[in-house]
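To start, the structure itself, in structure tokens.
Every heavy atom of this structure was used, including side-chain atoms; hydrogens, water molecules and symmetry mates were not. For this chain, numbers begin at 1 and follow the sequence in order.
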Amino acid sequence: MKLMHLSDLHLGKRVSAFSMLEDQEYILSQILERITEEAPEAVLIAGDVYDKSVPPAEAVQLFDRFLCRLSGLGTQVFVISGNHDSPERIAFGGRLMEKSGIHMSPVYTGAVEPVTLRDEYGPVDIYMLPFLKPAQVRRFFPEAEIESYTDALEAAIGALPLRQDRRNVLVTHQFVTGAARSDSEEVSVGGVDNVEASVFQPFDYVALGHIHGPQSVGRETLRYCGTPLKYSFSEAKHQKSITVAELLEKGTVRLRTLPLIPKRELRELRGTYLELTAKSFYEGTCREDYLHITLTDEEDIPEVLGKLRAVYPNLMKLDYDNARTRASARLPEAGTPERRSPLELFSQFYEIQNNRPMDEAQLRLCKSLMEEIWEGNP
């Protein structure tokens, strides 16, 4: 059985104030071409369909068109909600859409039934488990000790009607310990959202969403396919792709990737103003790409942003790297606020305000409060 694994479409996303809808429509059309060529039995979309829980109308219309075209290809489609999605909105109309082969994950109630597909090797049970926090799982298992995300997933998976004589596939959206993150992902309190890879052991293939860089974690079949587009400059060197998983007899899974080529690349350029605006340079560079430019001129160029955008209309980010900026520490460094957890940021703020670091008791209290807020507890 051939499965095609997608995730983290983030439809409606804006990057540095630039709408990505046109690029998303382009890449979805390319994905549909790949699906037509491959003719998989199922397409798995592992959460973060939208970038916001209340997405713009244009993003909803784009996903509607995508699902309609997918349905016309005759493949089964499995869609779960991620941490950026509203579970209720993703679930809406799900029972009606099942008649067209579109399976939308319902709002989690503690009970998840598989959808069973069949091939020459027998049945394949596909389970859809949307993004879950401990508080969401705890209410359905009041007698279980559920403190961490690992506890929550252990309880949720333990309640599934798994049959180990069958091939089992899980579509879920969580951060598995050890996965490499990107700047465009949501950072939790001190890594509290980590889930240990061992909880997914019962499954022949786990189609993960949440992490934007394609990668396997722990074992080849515990897999993030990554985003179809680059959503931050930390992803500039990523090769975006679709993951294809072919399930043969029980215990045998073959994986490969299909590269995706965006309408516009996300690139980083570095050099002096004269170097980057020389015709011989920019004619060899795609001027329509989304760019982060770092100028190395020692003197600031007057009205430089407008001048550069006359050459590079999709300039997203501009920095200087010279003696002055290095001395004033204005350039981003490792551990910039975007990559620090909320606890680290608050600790730094406290130290600046009070001229002393937080003690252990204060850190524990702060971490506990942040975890409660993160989980959505009152």
Side-chain angles (χ1 to χ4, degrees), residues 7-8 46-48 53 80-88 90-91 105-114 125-164 168-181 185-211 215-219 221-224 341-344 346 360-361 363-378:
S7 78
D8 296 270
D48 281 357
S53 59
I80 67 166
S81 55
N83 58 302
H84 281 251
D85 297 312
S86 161
E88 294 78 10
I90 293 296
S105 64
V107 176
Y108 184 70
T109 61
V112 177
E113 292 296 324
D125 288 343
I126 299 179
Y127 293 86
M128 296 187 291
L129 204 58
F131 176 72
L132 295 175
K133 294 181 179 182
Q136 294 169 285
V137 180
R138 199 179 292 129
R139 59 182 293 210
F140 299 109
F141 303 95
E143 297 185 4
E145 289 189 13
I146 298 175
E147 300 297 331
S148 67
Y149 276 67
T150 296
D151 295 339
L153 268 291
E154 280 182 337
I157 290 171
L160 299 178
L162 286 166
R163 289 183 53 176
Q164 290 307 316
N168 296 296
V169 173
L170 178 67
V171 188
T172 193
H173 190 95
Q174 302 289 161
F175 174 53
V176 179
T177 305
R181 284 183 142 154
E185 297 149 10
E186 190 172 281
V187 179
S188 70
V189 183
V192 72
D193 59 342
N194 286 17
V195 177
E196 294 300 321
S198 58
V199 305
F200 302 108
Q201 186 277 330
F203 298 96
D204 295 86
Y205 183 71
V206 183
L208 290 164
H210 192 37
I211 299 301
Q215 59 194 282
S216 294
V217 187
R219 59 183 168 97
T221 53
L222 186 58
R223 175 78 180 169
Y224 289 104
S341 71
L343 182 60
E344 290 170 328
F346 186 81
E360 286 300 317
L363 282 168
R364 284 196 300 272
L365 175 61
C366 190
K367 185 173 186 289
S368 174
L369 291 171
M370 286 183 173
E371 287 175 0
E372 285 189 21
I373 294 167
W374 181 262
E375 289 185 25
N377 288 342

- Message: Tell me the closest heavy-atom pair linking Leu170 and Ile157, and the distance in Å.
- Response: CD2-CD1, 4.3 Å
- Taking every heavy atom of Pro130 against every heavy atom of Ser105, the minimum-distance pair comes out as CB-OG, 4.1 Å
- Would you find a donor on one side and an acceptor on the other, under 3.5 Å apart, between the side chain of Asp125 and the backbone of Asn168? no
- Item | Nearest-0.5 Å distance, CD of residue Glu147 to CZ of residue Arg138 | 6.0 Å
- Task: Go through the steps for Asp204 and Thr221 under the test side-chain contact (heavy atoms from CB on, under 4.5 Å), then give the verdict.
- Result: CA-CA 7 Å; Asp204 295 86; Thr221 53; over 6 Å; no
- Note on the structure: The reported gap from CG in Leu222 to CD in Gln215 (rounded to nearest 0.5 angstrom) is 10.0 Å
- Correct closest heavy-atom pair for Ile80 and Met128 would be CG2-CB, 3.5 Å
- Query: Does atom CZ of Arg219 have more than 12 heavy-atom neighbours from other groups under 6.0 Å away?
  - Reply: yes
- Message: So which atom in Ala156 and which in Val137 form the shortest heavy-atom distance, rounded to 0.1 Å?
- Response: N-CG1, 4.4 Å
- Task: Please answer whether the main-chain N or O of Val217 pairs with a side-chain N or O of Tyr224 as donor and acceptor at a distance below 3.5 Å.
- Result: no
- Query: Any sub-3.5 Å donor-acceptor pair from Tyr108's side-chain atoms to Phe131's backbone N or O?
  - Reply: no
- Query: Is it true that a side-chain atom of Glu88 and a backbone atom of Val107 form a donor plus acceptor pair closer than 3.5 Å?
  - Reply: no
- What do you reckon, are the aromatic ring centroids of Phe175 and Tyr149 less than 6.0 Å apart? no
- Item | side-chain contact (heavy atoms from CB on, under 4.5 Å) between Leu129 and Leu153, intermediate numbers included | CA-CA 9 Å; Leu129 204 58; Leu153 268 291; 3.7 Å; yes
- Message: Please give me the minimum heavy-atom distance between Asp8 and His210, naming the atom from each residue.
- Response: OD2-N, 2.9 Å
- Hits for side-chain contact (heavy atoms from CB on, under 4.5 Å) against Gln201, two or more places apart or cross-chain, chain-then-number order -> none
- Sidechain-backbone polar pair: Asp48 side chain, His84 backbone, donor-acceptor under 3.5 Å: yes
- Message: To the closest 0.5 Å, what do you measure between CD (Gln174) and CD1 (Ile211)?
- Response: 10.5 Å
- In sequence, state the C-alpha distance, the side-chain angles, and the governing distance for Leu162 and Tyr127, and then conclude on side-chain contact (heavy atoms from CB on, under 4.5 Å). CA-CA 9 Å; Leu162 286 166; Tyr127 293 86; 3.5 Å; yes
- Task: Show the numbers, then the answer: is there a side-chain contact (heavy atoms from CB on, under 4.5 Å) between Leu343 and Cys366?
- Result: CA-CA 7 Å; Leu343 182 60; Cys366 190; 3.8 Å; yes
- Who are the ring-ring contact (aromatic ring centres under 6.0 Å, His included) partners of Phe203, not counting sequence neighbours? none
- Message: Does Gln164 have more than 12 heavy atoms from other residues, nucleotides or ligands lying within 6.0 Å of its CD?
- Response: yes
- For the residue pair His173 and Asn83, confirm or rule out a side-chain donor-acceptor distance under 3.5 Å. yes
- Message: Less than 4.5 Å apart, side chain to side chain, heavy atoms only: is that true for Pro114 and Pro161?
- Response: yes
- Note on the structure: Taken in chain and number order and not counting sequence neighbours, the residues that satisfy ring-ring contact (aromatic ring centres under 6.0 Å, His included) with Tyr205 are His5
- Query: What is the minimum heavy-atom distance between Ala91 and Pro106, and which atoms define it?
  - Reply: CB-CA, 3.9 Å
- Answer yes or no: is there a donor N or O on one side and an acceptor on the other, between the side chain of Thr150 and the main chain of Glu196, under 3.5 Å? yes
